[in-house]
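Sequence positions, counted from 1, serve as the residue numbers for this chain.
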Amino acid sequence: MKFMKLGSKPDAFQSDGADVRYVISDLATDVIVHVNEVKFYLHKFPLLSKSSKLQRLVIKATVEGTDEVHIDGFPGGATAFEICAKFCYGMVVTLSPHNVVAARCAAEYLEMTEDVEKGNLIFKIEVFINSSILRSWKDSIIVLQSTKALLPWSEELKVVGRCIDAIASKTSVDPANVTWSYSHSKKGMSCTEIVESTGRTSIAPKDWWVEDLCELDVDLYKRVMVAVKSKGRMSPELIGEALKAYAVRWLPDSYDALVAEDYMRRNQCLVETLIWLLPSDKTSGCSCRFLLKLLKVAILVGAGQHVKEELMRRISFQLHKASVKDLLLPAASPSDGAHDVKLVHNLVQRFVARTGMSHNGGFIEKSDDKMIELNFEQESTLALGELVDGYLFEVGSDPDLSLSSFVELATAIPEAARPVHDSLYSAVDAYLKEHPNITKADKKKICSLIDVKKLSTEASMHATQNDRLPLRLVVQVLFFQQLRAGSSNALALTDGGGHACANPIMKDQNDICQRRIPRHPNSLNKQATSLSAREVEHRNSEHRGGSNSFKDQLGGFLLQSRSRRIFDKLWSSKGQGENGKGSETSGSSQSPPLSAKPADVKPSPLPPLRNRRYSVS
């Protein structure tokens, strides 16, 4: 920190209480200067020799027959006036970054210019500011922060603008020329300085300036960052890092502190400023997590719609990089539930539209001479699918979530984003568990989202034991499990247990099931473990007892529970349906009887599952 000493005489100012200041001297004082609520008992000659303003005030008081001068609204108050008075007496005055702005504004008010006396106070302060303050990184920040209490004087004297320009220029210097401490507020380390020497082994990081600027008030910070960006030397990533650091420094973590009445307006101004300062490049600079946090704060503090719109536009460029926790945005109205599902639906729609994806999973042409390749967008598309399904699982437990909101969000992504339906099944199951009283039609509607052909073996086994699912869906799962098991056994008999898949449908399904997908319910893994153990036991008995009937093999594959009872009922009722009596599942099964040998099972002639009709519900 830089200092400047003026004058040589010892300090002779004394206090008499909190509101009286006088000079110890052999001569009696002949003028009383009132600065706000403080009285200064002084001598006319030293004051009038350096201040044009005091000359006029003293002459006016003499004409009025009084020796008292009143100065209201003095910049810097009594402390700044005392600095000027000591300078007039030639007493020692120490200028520092903390008081130099107040002294400069006070000297300007008193008109202590070169026209009155050479080497007057204004001249000396300007030399100190230009030669020392503006060359120091830390001192420039301190001075800039002190200017806020002295507006509009500090603005008119261009102290604010000069400090901002000096700070912005220093942020773009070569880090190799920076003597860097982690922060001037930590560990008592020396301040950051810009130097010319090189050859040091420790080089400051590119963001060495970020933390220090966090000490500025939001309006000054905004002006500094505008100046930094205008120079065009700072990357969007560094700008985004600086904004994130400032948000962490000033935005409270707790909900109560964020929406407190005393700080609501301040927090609203802060988040609007940060959004206004975001890099112009919408695809870089700030992470999706940071943008979503800003959006959450903007919702809570009631920021303007244009602010939220700008954030949503930026988030839509990188929505696939978000996490489920980041998307749990609070609803604007309590009647809409705990989370704003409509806003997330809007973000998903924007992302899909931006990537140019059609709803059937392909990509549409975005220009006349260019097509977006599938491989280029495949990774972000799959990530979006996992994100949406994970989000649906989390919000599915909200009792106030409407079925329409759930279905609209689930169908907002194209088929290519969801090659496996395990996560979607988990989300549907979570919704059914939390909403057990929904109508039969609504349950059918939400379960129609699940494609049983895209369920893994593990999820299929869980579904067959799930009492919350409609019977129709369970039958579809069981039938496809039979089809899959029959194809595997037929292949084992013809190819001697080879692993090549002759059925293209089953090969695609196996490839899909091998994808790594998130499984949310813990019970799913536990049941899969139990089922796997039983399957191993069944295979061991198969080696000991030879090849059994298909019904026996299927019995080792399924648990002795709801699914087994449904299968037995299906096969036993088949004959009744042929005699015209009908049954609950008549017309729903064209599969061979359970006594058929595995070699006789031919799944390929079966009609597609989607064209089959069921009378069960």
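Taking a 6.0 Å sphere around NZ of K229, one finds it holds more than 12 heavy atoms contributed by other residues, nucleotides or ligands. More than 12 non-hydrogen atoms from other residues, nucleotides or ligands lie less than 6.0 angstrom from NZ of K44. Within a 6.0 Å radius of CG in D219, other residues, nucleotides and ligands contribute more than 12 heavy atoms. Under a cut-off of 6.0 angstrom, the local environment of CD in E309 is crowded, with over 12 non-hydrogen atoms contributed by other residues, nucleotides or ligands. With a 6.0 Å radius and a threshold of 12 heavy atoms from other residues, nucleotides or ligands, K293 has its NZ atom at or below the threshold. Within a 6.0 Å radius of CZ in F13, more than 12 heavy atoms belonging to other residues, nucleotides or ligands are found. Within 6.0 Å of CZ in R350 there are more than 12 heavy atoms belonging to other residues, nucleotides or ligands. Atom NZ of K308 has more than 12 neighbouring heavy atoms from other residues, nucleotides or ligands inside a 6.0 Å radius.
Looking at heavy atoms from C-beta onward, M91 lies in side-chain contact with Y89 at the 4.5 angstrom threshold. Considering only heavy atoms from C-beta on, P330 stays 4.5 Å or farther from D340 through its side chain. In this structure the side chain of P279 reaches within 4.5 angstrom of the side chain of C286, judged on heavy atoms. The shortest side-chain heavy-atom distance between Q14 and R21 does not fall under the 4.5 Å cut-off. Using a 4.5 Å heavy-atom threshold, the side chains of V100 and I129 count as touching. A 4.5 Å side-chain heavy-atom check between Y246 and V248 finds every atom pair outside the cut-off. Using a 4.5 Å cut-off on side-chain heavy atoms (C-beta onward), L243 and I239 make contact. In this structure the side chain of D11 never reaches within 4.5 angstrom of the side chain of V92, judged on heavy atoms.
The line from NZ of K86 to OG1 of T94 is 8.5 Å long, rounded to the nearest 0.5 Å. Separating the CG atom in L311 from the NE2 atom in H306 is a distance of 10.0 Å, to the nearest 0.5 Å. To the nearest 0.5 angstrom, E310 atom CD is 11.5 Å from M312 atom CE.
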May I have the step-by-step check of side-chain contact (heavy atoms from CB on, under 4.5 Å) for C163 and L134, ending in yes or no?
-> CA-CA 6 Å; C163 288; L134 298 181; 4.0 Å; yes
Derivation of the salt bridge (charged side-chain N to carboxylate O under 4.0 Å, His left out) call for K138 and D212 | CA-CA 8 Å; K138 178 182 176 181; D212 292 328; over 6 Å; no
Steps toward salt bridge (charged side-chain N to carboxylate O under 4.0 Å, His left out) verdict (K244, E241) = CA-CA 5 Å; K244 181 179 179 181; E241 184 67 24; 5.5 Å; no
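Of the possible donor and acceptor atoms, none in the side chain of S51 sits under 3.5 Å from a partner among the backbone N and O of L47.
If you check the side chains of R135 and N130, you find no donor sitting under 3.5 Å from an acceptor. R233 and S172 form a side-chain donor-acceptor contact under 3.5 Å, judged by distance and modelled atom types alone. No hydrogens or angles considered: nothing links the side chains of H339 and Y391 as a donor-acceptor pair under 3.5 Å.
Under the 6.0 Å cut-off for aromatic ring centres, F40 and F81 qualify, their centroids lying closer than that. In this structure, the ring of Y109 has its center less than 6.0 angstrom from the ring center of F74.
Ionic pairing of R104 and E126 is present here: one or more N-O contacts between side-chain nitrogen and carboxylate oxygen are shorter than 4.0 angstrom. Looking at E111 and R56, a side-chain N of the basic residue comes within less than 4.0 Å of a carboxylate O on the acidic one, giving a salt bridge. Look at E155 and R223 and you find a salt bridge, because one of the NZ, NE, NH1 or NH2 atoms lies within 4.0 Å of a carboxylate O, short of that distance. We find that E117 and K50 are joined by a salt bridge, their nearest charged nitrogen and carboxylate oxygen being less than 4.0 Å apart.
Geometrically, K170 does not engage W209 in a cation-pi contact defined by less than 6.0 Å to the ring centre and at most 45° from the axis.
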